[in-house]
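Shown next, in structure tokens, is the structure this report addresses.
Computed over heavy atoms, backbone and side chain alike; hydrogens, waters and symmetry mates excluded. Here is how names work: the chains are called A, B, and so on, in the same order as the sequence lines, proteins then strands, and each is numbered from 1. Every value quoted in this text rests on a predicted model; they were computed, and no experiment measured them.
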Protein chains: 2
Amino acid sequence: MSLPHAILTALLEKPSSGLELTRRFDRSIGYFWSATHQQIYRELGKLEAEGLIRALPAEQPARGQKKAYEVLPAGRAELARWTGASQDPKPHRDALLLRLRAAAVVGTAGIEADLRRHLELHERQLAEYREIERRDFPPGRDGPEDRLRHLVLRAGIDLETFWIQWLGHALAEFAHLPDAGEGERPGEPRA
Amino acid sequence: MSLPHAILTALLEKPSSGLELTRRFDRSIGYFWSATHQQIYRELGKLEAEGLIRALPAEQPARGQKKAYEVLPAGRAELARWTGASQDPKPHRDALLLRLRAAAVVGTAGIEADLRRHLELHERQLAEYREIERRDFPPGRDGPEDRLRHLVLRAGIDLETFWIQWLGHALAEFAHLPDAGEGERPGEPRA
DNA sequence: CACGCTTATGCAACTAGTTGCATAAAGCGG
DNA sequence: CCGCTTTATGCAACTAGTTGCATAAGCGTG
């Protein structure tokens, strides 16, 4: 249950409207906690009802009008509490690894092309992260906040690097496999 | 929507009852696609209703009695279709990275201990993976199925290795931080 | 044999997340 | 000033996943 806390963090970094939050989730925060605009609007409503955030007063608060929120002291306190509380890591789910395991039983037909596609996607993401690193973390900036945020970005960079390497290994393995990509069924007797 | 396919894969590897599947999800398959027993029972019911699997005939099919399932040809076909179909990677969610980002705003109180705890958990998981590797993939075994399954295990091993390294960096960073773990608020002016 | 423990299956209610669509105002071009 | 697109907010329905509990048989033991 971390979406409210992701939103609190984003709002503390800068008070924003629902749509602005949505855009920022598409960029930085969404890299490790994605959310759609509907989730965000719903959660903003809840957080306001709970007294953790409030809408900044606007001139004409009408529909189709930006409505910006800011974090109240209670919200900051709740975020600090959650941040410091011990949490168990959630078990991950990775469909690609699952598919590879399935391929060991029903055959590898079609999967190699998708591995290549994933490789490209990860390379693109890595390039984006490196660009952010170059832009936001030049050698000079190294206050405590910068160090922490840089650390998070490093995780993103290293994870993408890992996937690129692993997909490389996987594709190399496929090159050695008999009839790779031709739909053979390794679990079945072969002629 | 991959749980049914995870179950089909597991059942193809070996026909099983709901509880046996649950146990196997706790071990091997659950490492990259976790599921509770309730999810599994529900899904087994659906898969049977759709004609993708069937219950193996038992002597006395009563409650509290093992009921094993096997995959029907339609199930194998569906799994092969799904395995070969192109799929976009789901955006990941990582609460720990989110917390670190929050810590950059509301302070790092309490989080360092949890980083250490996570480090330990990952070290334990890595040890488990290495044990599985030693046991299931000795140098001799290298048929196509083994290579694919080993590849999946390698991903698990390398991912754990990545997290262990990253958590090491993170903890080193904390050691350099002023007042680390004492609840300072880096976003606020300091005395 | 009655009691409690383990194995095995399952329902119901809840929480979280996704998808599709609706509404409304502002800006803009003819 | 009318229709079109963009910006902004939001509801409703659906799908997926989790939590808590219920049921029932088997098994051991005092």
Nearest whole Å is fine: how far is D/dG10 C1' from A/L19 CG? 12 Å

Look at B/S17 and C/dT9 and indicate whether a side-chain polar atom (N or O) is within less than 4.0 Å of OP1 or OP2. yes

Send over the distance from A/E20 CD to D/dT6 C1', rounded to a whole Å. 16 Å

I need the NZ-P distance between B/K90 and D/dT15, as an integer number of Å. 13 Å

Just the rounded figure in Å: distance from P of C/dA13 to CD of B/Q38. 15 Å

Do A/R93 and B/S2 have side-chain N/O donor and acceptor atoms under 3.5 Å apart? no

Could you give the distance from CH2 (A/W166) to CG (A/L115), rounded to the nearest 0.5 Å? 6.5 Å

Please list, by residue number, the residues of residues 39-52 of chain A whose heavy atoms come closer than 4.0 Å to an atom of DNA chain C; answer none if no residue qualifies. A/Q39, A/R42

By ring-ring contact (aromatic ring centres under 6.0 Å, His included), A/W82 pairs with (sequence neighbours left out) A/H5

Using a 4.5 Å cut-off on heavy atoms from C-beta on, say whether the side chain of B/Q125 contacts that of B/W163. no

Closest to the 5' end of DNA chain C, once B/Y69 and A/A35 are matched to their nearest nucleotides, is B/Y69

Protein-nucleotide distance (A/H37, atom NE2; C/dG17, atom P), rounded to Å: 16 Å

To the nearest angstrom, the CZ-C1' distance between B/F25 and C/dT9 comes to 17 Å

Length of the NE2-C1' vector between A/H92 and D/dG17, whole Å: 17 Å

When rounded to the nearest 0.5 angstrom, what distance separates CD in B/E160 from OH in B/Y129? 5.0 Å

A/R23 CZ to D/dT7 C1', in whole Å, measures 7 Å

Atom OG of B/S16 and atom CZ of B/R23: how far apart are they, to the nearest 0.5 Å? 11.5 Å

Nucleotide nearest B/T36 when distance is taken to its side chain, options D/dT19, C/dG17, D/dG17: D/dT19

Tell me, which pairs form a salt bridge (charged side-chain N to carboxylate O under 4.0 Å, His left out) where one or both residues lie in residues 115-126 of chain B, sequence neighbours left out? A/D88-B/R117, B/E112-B/R116, B/D114-B/R117, B/E120-B/R124

